[in-house]
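Everything below concerns the one structure shown next.
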2 protein chains.
Amino acid sequence: MASSCRFAFAVHVLAVLALKRESGGVCSHMLAGSVNTNPVIIRRLLTRLRHAGLVTTQKGSGGGATLSVAPEKIALDVVYRAIEPGESFAQHPHQPNQRCPVGAGIERVLDEVFASAQSALETELSRRTLADVLAAMDEVPPLRRKSPRARSRKAA
Amino acid sequence: MASSCRFAFAVHVLAVLALKRESGGVCSHMLAGSVNTNPVIIRRLLTRLRHAGLVTTQKGSGGGATLSVAPEKIALDVVYRAIEPGESFAQHPHQPNQRCPVGAGIERVLDEVFASAQSALETELSRRTLADVLAAMDEVPPLRRKSPRARSRKAA
DNA sequence: CGATTCTGTAACTGCGGTGGTTACAGTTGT
DNA sequence: ACAACTGTAACCACCGCAGTTACAGAATCG
């Protein structure tokens, strides 16, 4: 599976874009500031997200990226597939010995096992949307609140 | 997730050991021959499988590895966890910007998302045992049968 | 218009993980 | 003693990734 942090970065970026949906485009420099990485990393990410139809980007002064789909419509498996290109589950690097009965048959079986495991993972991801992520971020924030005044509300 | 082929190797090795369960230990050289890799790779694998209690190994002449649990009792998620040591799903490599509302809250949410995805994957793996793998290998083998006598030509 | 602010992409680096390989000490059966 | 094993260290080469620099091109604004 994905051993990269691209998926985490992607969800992070999309979350920022969702919050700033009304404020126009967000430039890669700003996004990089929130993720704490390099603008080029963000742009590479945005290229993939754009190909997947999740964001639009605008060149030039005042440009940047904008979410092009409502957060409720963006399931996380779509983000996952947009970001992680190839097969994530690993196969035999070289063909096993076909003269061994196990070597001859194992690949086909493992293919099927890997596919179902991969599918289960994506199905689980599909159960959450970007809107869910935003909602989860709002409740029970980690530590100090900006204005912990309205603390009483949390109980509901 | 796992970007290695260790899991494939491990299932392959266990399948061979399951088939040769009665014939005593199988040495790493033989196993390497079937997987088509180096004996040391197999031994490194066997070390982990032994720690997980799935196999026993015997040093010395005539030694080798033996399956120590019945194939029906070996679910693939156990193999997976025995082989893949750390967290497979990737996190933020460095802490996101805590001064950004998204950066401050996203990690906790992503942790939960990743954990559930990982769990879904392992649950799917747990639905299969090594015995299932062996059974799947027996049915509809890829091409030529050992004795395709009953089947008159490919036409049938 | 030209300056500025962006994107998009290429090119390169460094790092970490992995499979592969050699080597060798220790163990066990014959 | 000898041969056949395991277990493990040490090392290599490779690959993918995040990160970085650099630059061409596009859009906006004065």
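Each chain gets a letter, A, B and so on, in the order its sequence line appears, and its residues count up from 1. Note that this is a predicted model, so its numbers are computed, not measured. Heavy atoms only: backbone and side chains are in, while hydrogens, waters and symmetry mates are out.
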Atom-pair distance (CG on Leu49(A); C1' on dG8(C)), nearest Å: 15 Å

Minimum-distance nucleotide to Ser28(A) side chain [options: dG19(D), dG19(C), dT7(C)]: dT7(C)

Distance, rounded to the nearest Å, where Lys59(A) contributes NZ and dA27(D) contributes C1': 9 Å

Closest to the Ser4(A) side chain, choosing from dG19(C), dC17(D), dT8(D): dC17(D)

Atom-to-atom span, CZ of Arg50(B) to P of dT6(D) - whole angstrom: 11 Å

N/O (side chain, Thr37(B)) to phosphate O (OP1/OP2, dG20(C)) under 4.0 Å: yes

d(CD1, Ile83(B); C1', dT18(C)) in whole Å: 13 Å

Ser4(A) versus Glu84(A), side-chain donor and acceptor atoms under 3.5 Å: yes

Spacing between Asn38(B) atom CG and dA9(D) atom C1', to the nearest angstrom: 14 Å

Nearest-0.5 Å distance, CG of residue Leu19(B) to CG of residue Leu67(B): 10.0 Å

Sugar-phosphate, base or nothing in reach of Gly64(B), heavy atoms under 4.0 Å: sugar-phosphate

Position toward the 5' end of DNA chain D (nearest nucleotide), Ile41(A) or Gly63(A): Ile41(A)

Among dT21(D), dG29(C), dA18(D), the nucleotide that comes nearest once only the side chain of Val40(A) is considered: dT21(D)

Shared hydrophobic cluster, Met30(B) / Val35(B) (ILVMFWY, side-chain heavy atoms < 4.5 Å): yes

DNA chain C: 5'-proximal contact among Gly62(A) and His51(A) (nearest heavy atom): Gly62(A)

Candidate nucleotides dG19(C), dG8(C), dT7(C), ranked by approach to the side chain of Arg6(B) - the nearest: dG19(C)

5' priority, DNA chain D, between Met30(B) and Arg48(A) [closest heavy atom]: Met30(B)

Closest listed nucleotide, where the reference is the side chain of Pro93(A) and the choices are dG29(C), dA18(D), dG20(C): dG20(C)

Arg128(B)-Ser116(A) side chain donor-acceptor pair, cut-off 3.5 Å: yes

Gap separating the CG atom of Asp111(A) from the NE2 atom of His92(A), nearest 0.5 angstrom: 10.5 Å

Phosphate OP1/OP2 of dG20(C): any His94(A) side-chain N/O under 4.0 Å: yes

Candidates dA18(D), dT5(C), dC5(D) - which lies nearest the side chain of Ser61(A): dT5(C)

Nucleotide dC23(D), atom C1' - distance to CZ of Arg43(A) in whole Å: 11 Å

Any Gln58(B) side-chain N or O less than 4.0 Å from OP1/OP2 of dG29(C): yes

Closest listed nucleotide, where the reference is the side chain of Cys5(B) and the choices are dT21(D), dG19(C), dT7(C): dG19(C)

Polar side-chain atom of Arg48(B) near backbone of Ala82(B) as donor-acceptor pair, under 3.5 Å: no

Nucleotide dT21(C), atom C1' - distance to NE2 of His29(B) in whole Å: 15 Å

Spacing between Glu84(A) atom CD and dG16(D) atom C1', to the nearest angstrom: 11 Å

Thr57(B) vs dG7(D): side-chain N/O to OP1/OP2 distance below 4.0 Å: yes

Proximal nucleotide (of dT8(D), dA11(C), dC17(D)) relative to the Arg44(A) side chain: dA11(C)

